[in-house]
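Atoms within each ligand, like the ligands themselves, are counted from 1 in listed order.
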Amino acid sequence: MANNLMVKPGSKVRLKDYNPDANNGWEKDDPRCQSKLSSDLQTMAALQEMLFAENKQSLLIVLQAMDAGGKDGTIKHVLTGLNPQTCDVISFKVPTAEDLAHDFLWRIHKYTPGRGLISVFNRSHYEDVLVVRVHNLVPPEVWKARYDRINEFEYLLAEKGTRVIKFFLHISKEEQRQRLQERLDDPQKHWKISDADVPERELWDDYMKAYEEAMSRCSTSYAPWYVIPANHKWYRNMMVAEIIAKTLKDMNPKWPPPQVDLSKIVIK
Ligand code: ADP
């Protein structure tokens, strides 16, 4: 179902060609939705254990979205199926002075997953060609060079056995308005509101342009981008779970052989 969500390497992304409302004809209360999600979560958990036992490959999942785009909800509802012992979630915030004293990938590299492990990036190195570009935090010649650096970095990870998959949770501007309004209306969501929400929203078109270029330049066979229709949270969860499960199947981890001679072990 999620096959057409991958950005074909070398293609030019136009976000207006991707419908954030898409649900492929499914309905939220169709029992098949819940059973499909549960089955993909089970597949993810089973393959995560094999990945860890095999101790050869790693998986890096990148989540990017506009404010209120559903990164936290996706982590809560989809990654809940994973064993926290072999999975890390890392949230990248405004870089510290120490981060800024280094190249932009320095703070990212140390959080990439080791052998057998899964890491989830809540925001990522892509902020360095998104918020940084939109707010002119560095001169254009600096951020423009970063697409190539990112591709090289992700290639380096791939060479070492790390699969990278990148999700853009695509909501419409109207859906963002409704979600931000809900936050204002619900005291339990007030903590999520920041001063930057409204000014950032005014830069919506600039962000879309920046996302389009990031996905056009950096969707590769070894680290593809997926544009996830995300106005319907339940559909978003289904698609992300399907793609993660499929990626893990494709990685095809194998149980390793025993490290000891089992015939010599007798349990009395
Ligand atoms: P989130 O919105 O992810 O839940 P925050 O509200 O703490 O978390 O926002 C994190 C902020 O950090 C975002 O505004 C994001 O644009 C900013 N940020 C992340 N990476 C960078 C970066 N490399 N340069 C500048 N700002 C960044």
- request: Starting from atom 8 (O) of ligand 1, locate the nearest protein heavy atom and write down its residue, its atom name and how far away it is, to 0.1 Å.
  value: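 Of the protein heavy atoms, Lys93 NZ, 3.2 Å lies nearest.
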task: Starting from atom 22 (C) of ligand 1, locate the nearest protein heavy atom and write down its residue, its atom name and how far away it is, to 0.1 Å.
output: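 The protein heavy atom lying closest is Pro95 CD, 3.4 Å.
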query: Taking atom types as modelled and ignoring hydrogens, do the side chains of Gln64 and Ser124 form a donor-acceptor contact shorter than 3.5 angstrom?
result: yes
Determine whether the side chain, the backbone, both or neither of [X] has a heavy atom under 4.0 Å from any heavy atom of ligand 1.
X: Glu200; result: neither
X: Val94; result: both
X: Arg107; result: side chain

query: Considering Asp67, Val132, Val131, which one's heavy-atom position lies nearest to atom 27 (C) of ligand 1?
result: Val131
- prompt: Would you say ligand 1 has an N or O under 3.5 Å from any N or O of Glu127?
  reply: yes
Check: Arg123 N/O within less than 3.5 Å of ligand 1 N/O: yes
- prompt: Parallel, tilted or perpendicular: which fits the ring planes of Tyr147 and Trp143, with parallel below 30° and perpendicular above 60°?
  reply: perpendicular
- request: Can you label the angle between the His232 ring and the Trp234 ring as parallel, tilted or perpendicular, going by 30° and 60°?
  value: tilted
Spacing of Ile61 atom CD1 and Ile243 atom CD1 [to the nearest 0.5 Å]: 10.5 Å
task: Would you mind telling me which of Phe121, Phe168, Trp225, Phe92 makes a ring pair (Phe, Tyr, Trp, His ring centres under 6.0 Å) with Tyr126?
output: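 That would be Trp225.
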